[in-house]
Amino acid sequence: MAQFKVVIIGAGPAGYFAAQALHNQQNEDRTFAIDMIERLPTPWGLVRSGVAPDHPKIKTVAKVFEKIAADPNFRLFANVEIGTDITVTQLAEKYDAVIIATGSSMGKQLGIPGENLPGSMSAADFVPWYNAHPDFADVNVDLGCDTAVVIGAGNVAMDVARMLALEPSELDPTDTADHALDVFKKSSVRDVYISARRGPEHAAFTSPELRELPKLEHTNVVINLDDVKAAIIRAGDAPEKDVKSNLDAMLSIAEAEPKSHERTMRFLFQHTPKEIVGTERVEAVIYSTPTGEVTVKCGIVITAIGYHAEGIAGVAYESGKVVNTDGRVKENIYVVGWAKRGPSGVIGTNKSDAATVIELIIEDLHPPKNNGDISDLITDQMVIDQSGWQKINAAEVAAGEAKGKPRVKSVRRIELIQLTAL
Ligand code: NAP
């Protein structure tokens with residue numbers, strides 16, 4: 001019986017599904033000892049800091065992660081950063097395989113004038129801010145304006161627009177960061193535009209997200225019927241299933257009786273952002289459209305146009321991803337998830353993606369190295385292990401119970417670390 005040591009860098013969905021796929025490949029000849037390293041004091045990646053707080057069902061996948069973590073051959077090393085103190089090369093010397101699962105955390109930029117004005121920000125800052133990510137607690141979100149613009153036609157743009165357009169008391173029973181809930185409650189924003197550069201037939205939203213919009217209890221959702229009719233014609237007689245499903249969902253929104261709530265979320269199609277204008281801060285977005293230039297006055301602009309991966313020293317990156325062939329990076333180093341394929345797909349997509357990479361790892365295995373592990377490399381770092389994380393988790397859930405929320409997240413690193421001492 002051979003035991004192989006595998007280290008996974010990044011405790012998000014891609015990392016956990018890689019661990020699960022390794023477990024599934026154990027047999028009478030081989031087992032895997034898995035060490036998972038996470039930069040933050042808490043695991044779960046985008047399930048904690050990306051998924052919208054009003055989508056608690058999506059977060060139930062965390063139960064799967066905790067089941068994987070309960071395996072006696074699994075160890076969590078949270079609050080440990082790879083790249084500076086400990087390098088990927090050092091890990092590759094010690095482990096039989098290194099799996100990079102660090103995702104894509106940097107927001108893509110539009111590259112248009114005015115993008116850096118105060119009041120213009122990326123969803124890559126806004127989303128972790130409302131989700132209590134420690135590195136984004138101090139992001140300055142000023143919602144003292146009446147109109148917000150969200151640029152992009154994907155599910156992240158949809159999450160951001162919905163969070164801005166909701167009646168904030170709807171967020172009371174969620175795990176939205178307390179600091180963000182305060183800002184949402186004081187928000188003056190009543191009109192939220194979500195702008196797509198192409199037509200409805202090309203939108204990257206998925207239809208369940210569109211279909212839930214009419215269920216918003218305090219928000220009018222407006223899609224121009226002519227935009228959808230024109231898109232249906234352009235899509236032709238046999239559109240792809242997902243396109244048809246999206247167009248059906250948009251048609252039903254466009255044809256619905258108008259409501260008269262105080263808050264409105266409005267879709268703009270075929271609006272390509274050209275410039276963000278303002279003297280001291282954002283005042284408007286100028287778009288080019290098929291019928292000419294259109295100016296939308298607003299006080300905040302959030303771009304949600306995709307992500308690229310943040311680099312790790314010693315690993316080559318290109319086009320926002322780790323350079324790889326089907327997940328193979330070099331020697332015994334591999335990559336899974338968004339760092340491998342780019343920021344596409346839902347959480348579950350990582351399951352099959354990881355399984356295929358684990359098959360390659362198995363093909364490539366040499367006899368076990370037995371050359372130590374990360375414990376030999378960690379010196380004075382304050383490591384949070386699985387039991388430390390369980391204490392954080394239990395404390396957050398208990399704090400939530402008192403307020404009718406799934407949890408109250410601690411935000412600061414120091415607070416999170418203190419919870420491990422309880
Ligand atoms: P996405 O789905 O790739 O959408 C990006 C959007 O940005 C597209 O509409 C794209 O338009 C637009 N865009 C790109 N460059 C642009 C530019 N220069 N100017 C204007 N628009 C531009 O990315 P995402 O929304 O970040 O989502 C990432 C992944 O996470 C997706 O697979 C998504 O489904 C998933 N996700 C899922 C959920 C959920 O299941 N509830 C929630 C959040 C995210 P073009 O098509 O014209 O390029």
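These numbers come from the heavy atoms of this one structure, side chains and all, not from hydrogens, waters or symmetry mates. Computed from a predicted structure; not experimentally measured. Indexing begins at 1, ligand by ligand and atom by atom, following the structure's order.
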- [ ] Determine yes or no for a side-chain-to-main-chain donor-acceptor pair under 3.5 angstrom, with Arg39 supplying the side chain and Ile82 the backbone.
- [x] no

Open item on the list: Please determine whether any non-hydrogen atom of Tyr287 lies less than 4.0 Å from an atom of ligand 1.
Closed with: no

Open item on the list: Do the side chains of Asp159 and Arg162 get close enough for a salt bridge, i.e. N-O under 4.0 angstrom?
Closed with: yes

TODO: Give the residue and atom name of whichever protein heavy atom lies nearest to atom 32 (O) of ligand 1, and the separation in Å to one decimal.
DONE: Gly345 N, 2.7 Å

Open item on the list: Could you work out, for atom 1 (P) of ligand 1, the closest of Ala153, Ala204, Gly342 by heavy-atom distance?
Closed with: Ala204

TODO: Give a yes/no on ligand 1: does Ile58 have at least one heavy atom closer than 4.0 angstrom to it?
DONE: yes

Task: Passing option when Arg211 is tested against Pro214, Pro208, Ser207 for side chain to side chain contact (heavy atoms under 4.5 Å, CB included) - done: Ser207

Task: From Thr349, Thr206, Asn155, Ile305 - option closest to atom 44 (C) of ligand 1 by heavy atom - done: Asn155

- [ ] Please verify whether a non-hydrogen atom of Ala304 lies at under 4.0 Å from ligand 1.
- [x] yes

TODO: Can you pull out the closest protein heavy atom to atom 23 (O) of ligand 1? Residue, atom name and distance to 0.1 Å, please.
DONE: Gly306 CA, 4.3 Å

Task: Protein heavy-atom partner closest to atom 3 (O) of ligand 1 - residue, atom, separation in Å - done: Pro343 O, 4.5 Å

TODO: For atom 15 (N) of ligand 1, grab the closest protein heavy atom and report residue, atom and distance to one decimal in Å.
DONE: Arg197 NH2, 3.4 Å

